[in-house]
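Worksheet: the structure to be examined is printed underneath.
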Amino acid sequence: MKKSTTQILALILIGIVFLVGCKKDEKTEWDTELLTPIGRTTLSIDNLIKDSLAKANGDNTVNLTYRSTIYELSLADQFIKIPDTSIQQNISVSSLALSQTSIDIKNSLGSLAQNLQASSDPSQQFLGGFLISNNNKNVAIPALNGYNTPPFVFDGSAYFQMIEIEKGSLDFWVVNHMPIPITNVAFEIKNHTTGTVILTDVIPYISPYDSVYKIYDISGKTVDGALDFRISNFNSPGSGGVPVLIDTNDYIRVWGRIFNVVAKRAIARFPSQDLISSDQEITQTIGERKFTYVDCKSGELGVDISSSIQEKLRITYRLKGAYNKNGKVIEDISDVAPSVGGVPTTISKNFDLSGFSIGLTGSKGNNFNTYTQVVVAHIDSSGILREITNSDSLYFTYRLKNIKPNYIKGYAGRDTIMFQGNSPFSFSNLFAGNAPNALDFQDVSLSLNIENGLGVDGIVKVNSLSGKNANGNVVNLQDNSASPVIGQPLTINRAQDFPLRPAKHDFQINSATSNIKNFLTNLPSSIDYDVQIRTNPNGNQQTYDDFAYLDSRLKVNLDLNIPLSVKANNLTLRDTFGFKLGNSPKEIDNINSGTLYLITYNKFPLKGDITLVVYDSLNNPIDTLLSNYTLVPGDVDANCRVNDAKKNVFSIPVSSTRIHKLFSGYKAVLTAVFNTQTNNGSCNGQYYKIYSDYKLDAKITAQFNYKVKL
Amino acid sequence: MHNVVMNFRKAIEMRKLVLTLLLFFVIIEWSFSQKTDSILDSNIVVISTGTVRPSFFNHELSYLADLPTLLPEYRKNGLAFTASFHQNSNSLPLGFVMKFLAKGEINTAYKDRITSFPGKRIRYEDELKAGLSYQHYFSKNKVVFYASYFHRNMRYADITKDALNLVLYGNKMYEDKTASLSNMNFENLMYNQFSLGIGKQEGKLFAAVNLSFLQGFMDNQLRTTNAGIYTAPYGEYIDAKYGFTYNQANEGASPFFGLKGAGFSGDVHVGYQFEKGLLQFDVQDLGLIMWGKESINYGKDTAIHFEGVVIDNILKINSSSFGRLNVDSIVKDVAAEKTNRQYNTYLPATLSLSFSHRLKTKTVGIQMNYGIQTRWLSNYYVMAYVKSNFLFQNGLVTSVSISGGGYSLFNLGAEIGYTTRHINFMFGTHNLLGLVAPNHYPSSSLNLRLQYSF
């Protein structure tokens, strides 16, 4: 008994443990009925009339405005094309400067006396001895005649070997620092090698302690590197019997130089100098257009430089008047190797013009389409003898490629542009699939709006506008007013600049003098147009203030203005929207079944029949969620106005199978067929005004049998 | 919600462990008993005297929960393993709780039966307690020294019936009605209890105190104030008002000996031996646990009106619109900000008063126990009980009990025990109906005690 009792206890406990421990491995789960809002939305007139602008009037009625651009003229396509251009120019050596050479000769009175003593002339010997013996004494100095000096070498060979001087000067400064005057100072300068006389002259008189300065033109001379300078004679009347202090340190000084030399040709060691420094202009021909300024969006300037000069050049190139927004200029400094054996050496440079603004009026500001270059060709002193002539040149080739302006200014020329075509008229897309006259508007007006974003005067002529509906039915727009818009030239002003303000013109077509209502109720899906545009009809007025931006447009728009007072006769609105329940079937696995509720509050005075069909990704219909569910319109008062929204509740049962079928949904098509109410007494047959507070509130709620799993 | 369920499941795993231990000890005892028939025959237990001797074996105080540690013991050393589980509710049977926590399908009939219990509020409490205790008796001074360790896992909840309906049925049944969620509280608590105590016999009076350090490692605590959900017809909108605080001691799993909170509790036992009986008074688990600053707290007192996700244009609804229609996004909109601050849990202390006396019989010792007991829990009624112990000369002990109060109205209990020279064993329940019909009766318990004396 004892044993069996304990055994029973053990078995009970074993059983309990097994019951708990061997429980099948599944989730705790139970079914619930959930009732929850899912989503809500409001369809106002803004939602229903897409791509339009509904404006509320003072009485809360709504005007519908709709714009359709039927043509848009792009600036870049028409006006500011700048063709690729290649231009060649050459620039000769404009100046050839040489190093300055000079001579400085100083002859003291003591040295003069010694030379006189050494003379073979006894009188000069005597005078020489007299001067030396009376040094520092006050004595009368006798006259001196026929004195000359041996030649001094005027040596410039360190700088040049030969110069053919086109222009040049030589100056002398003769200083008499003695107590007696000197007279008839005759001198000559000769080429040392060839003996060719370069210059001779006589200075008649120089007072004691005085000087004479003279400049000589040596243009046209050919000068060697070494010159002989010689005083061939000078005299002195002496002191005229008046005792004067004899000081053998007194002297005569001659200082001379060759300067301001411009050579035709030289064999020289040239000093550092700019051989070429000049502004060069290149002018493009762009038809009748004359531009004064261009702001480049993109483009490229290529420059090839060839040199026939036998010296290495440092070329500085700058496109004058070109700056980007950071003030950067287009400039380059490059070395060109010396020409050897008469064969020019060439370098090539490319400059990106993107973002650069460039003046096109030339260096003097009175040109057009003209680029100005500043070119400086510089040589450094090499110490080597080179032969350079002023016929040596730099040859330039300029290449302007792919210039695309952001902005141009000047005279844009005259153009006549004809364009015919058609453009979609999306307003009617709202009513696609409807028979004509499904929507009847009480009144319609249309405005031809021309928006000129070009700084160019013009004339626009709309030859014809016609609307074609989906059935191919065409209605030509006819304007029978006193100032018809169709078929007559319409003057268009230019846009204003800084900032750009397009010129806007509206040309009204109203329903009283046109067939615009028929035009619109035809529900055109496209507009055929025939339009002519002429620019600068008065030609060049010499003001050169035309302008155009890259994004400047000339637009021709149709502006519809429709007071929303309508009758609907089976007006069908259809739209397709994405429909996807989730990314994974697991997301809906816990839903066993349920009911979707569509709760609507309709304040529109229109009865709607709604159908909602779900399609898969292959456009196969997989389920019809709603089929001809009636959306009851709001009740109208005596003024045919709806004050309170009407509530509608649509139930959509969804079984588990249906939910899983809907999971493959890809898109849904909502079709709503609207009709004006016919049971509203005095409002029957009238146009219903649409007020700004009209809307359709829709809420989606769901009652799901949901399996909770923990 | 997910964390709460996970913590529940963790508790279930612990329950499996305890049951396995119970089984282990039963088997050990079974084997041991086959070898110790001669010892049992020695009949060392004194049962024929007229004195009521409260002891580990004579567990007359362990009516609802477990045997208090602070009983006088007159053997020199005692080492005891104790494991108990009880569950007490006015409407939720153990079967439902097990289905909810330990996986299983809850069908409509079952839900209907659960929610058919009368009353507008659902009250529930359960506790799992298991551990070892040791006491040493200093006979010279008549002093008992106690040391013990217990793992404690308790849950208590007081929620509205509407809340249960919402969970089990959803909100459809509340269409155009408000479901009340006010003044609810719930706590799911796990901690380890380390205790030291001392008791003294002074004439007919025995008194003892016990102090415990509490190592808390898991807690979920929810309180609501004024809260409710109104569901409009067709679910057109939902109005919800809610004021709540939710505290969580740990995020994710917490180590068994992780210190997420610390606290202290005290137990008091007083017994007086009359000539004809024994009067005893006990207070257990009077204390609190303070959870650390890493706790996670949420709180909000607000109202929301939910009409669904706004779809800008129904004509352009797409998957992203539906993708937003999930609970997480809604919760994100309405949930409170997360904070980290300390909070406290006050333990549901137990108070009990009992009187025991012996009936004179020749062959079977009969001990009658009468008592009342209560726990410091929301709307917990005082429970009264009568329990009769039958002590046979061969060492077999049985008891039957009847009680009413607490969260449940009526309980029947039965226990069976056995004693040898060194080992005392007891196994039983105070809620027999809940064990027999776990899906029908909202209360159950299971107790096991094994003591080795030397």
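Note on naming: letters A, B, ... go to the chains in the order of the sequence lines (proteins, then strands), and numbering restarts at 1 for each one. Just so we're clear, the structure is a prediction, and the values are computed from it rather than from any experiment.
- Among residues two or more places apart in sequence or in another chain, the side chain to side chain donor-acceptor pair (under 3.5 Å) test is passed with D623(A) by R658(A).
- With a 4.5 Å cut-off on side-chain heavy atoms, T32(A) and L168(B) do not count as touching.
- For chain A, the nearby parts of N171(B) are the backbone and the side chain; heavy atoms of each come within less than 4.5 Å.
- Partners of Y234(B) by ring pair (Phe, Tyr, Trp, His ring centres under 6.0 Å), not counting sequence neighbours, listed by chain and number: Y597(A).
- Of the possible donor and acceptor atoms, one in the side chain of K111(B) sits under 3.5 Å from a partner among the backbone N and O of D31(A).
- Annotation: the span from E175(B) atom CD to E33(A) atom CD amounts to 11.0 Å, rounded to 0.5 Å.
- Separating the OG1 atom in T701(A) from the CD atom in E307(B) is a distance of 11.5 Å, to the nearest 0.5 Å.
- One finds the OG1 atom of T231(B) at 11.0 Å from the CD atom of Q703(A) (value rounded to the nearest 0.5 Å).
- Taking each heavy atom of I238(B) and L35(A) in turn, the nearest pair found is CD1-O, 3.8 Å.
- K647(A) NZ: more than 12 foreign heavy atoms inside a 6.0 Å radius.
- With chain B as partner, the option from I599(A), V708(A), N705(A) having the largest number of non-hydrogen pairs under 4.5 angstrom is I599(A).
- Counting non-hydrogen atoms of other residues, nucleotides and ligands closer than 6.0 Å to NZ of K646(A) gives a total of 12 or fewer.
- Contact annotation for L34(A): both backbone and side-chain heavy atoms come within less than 4.5 Å of a heavy atom of chain B.
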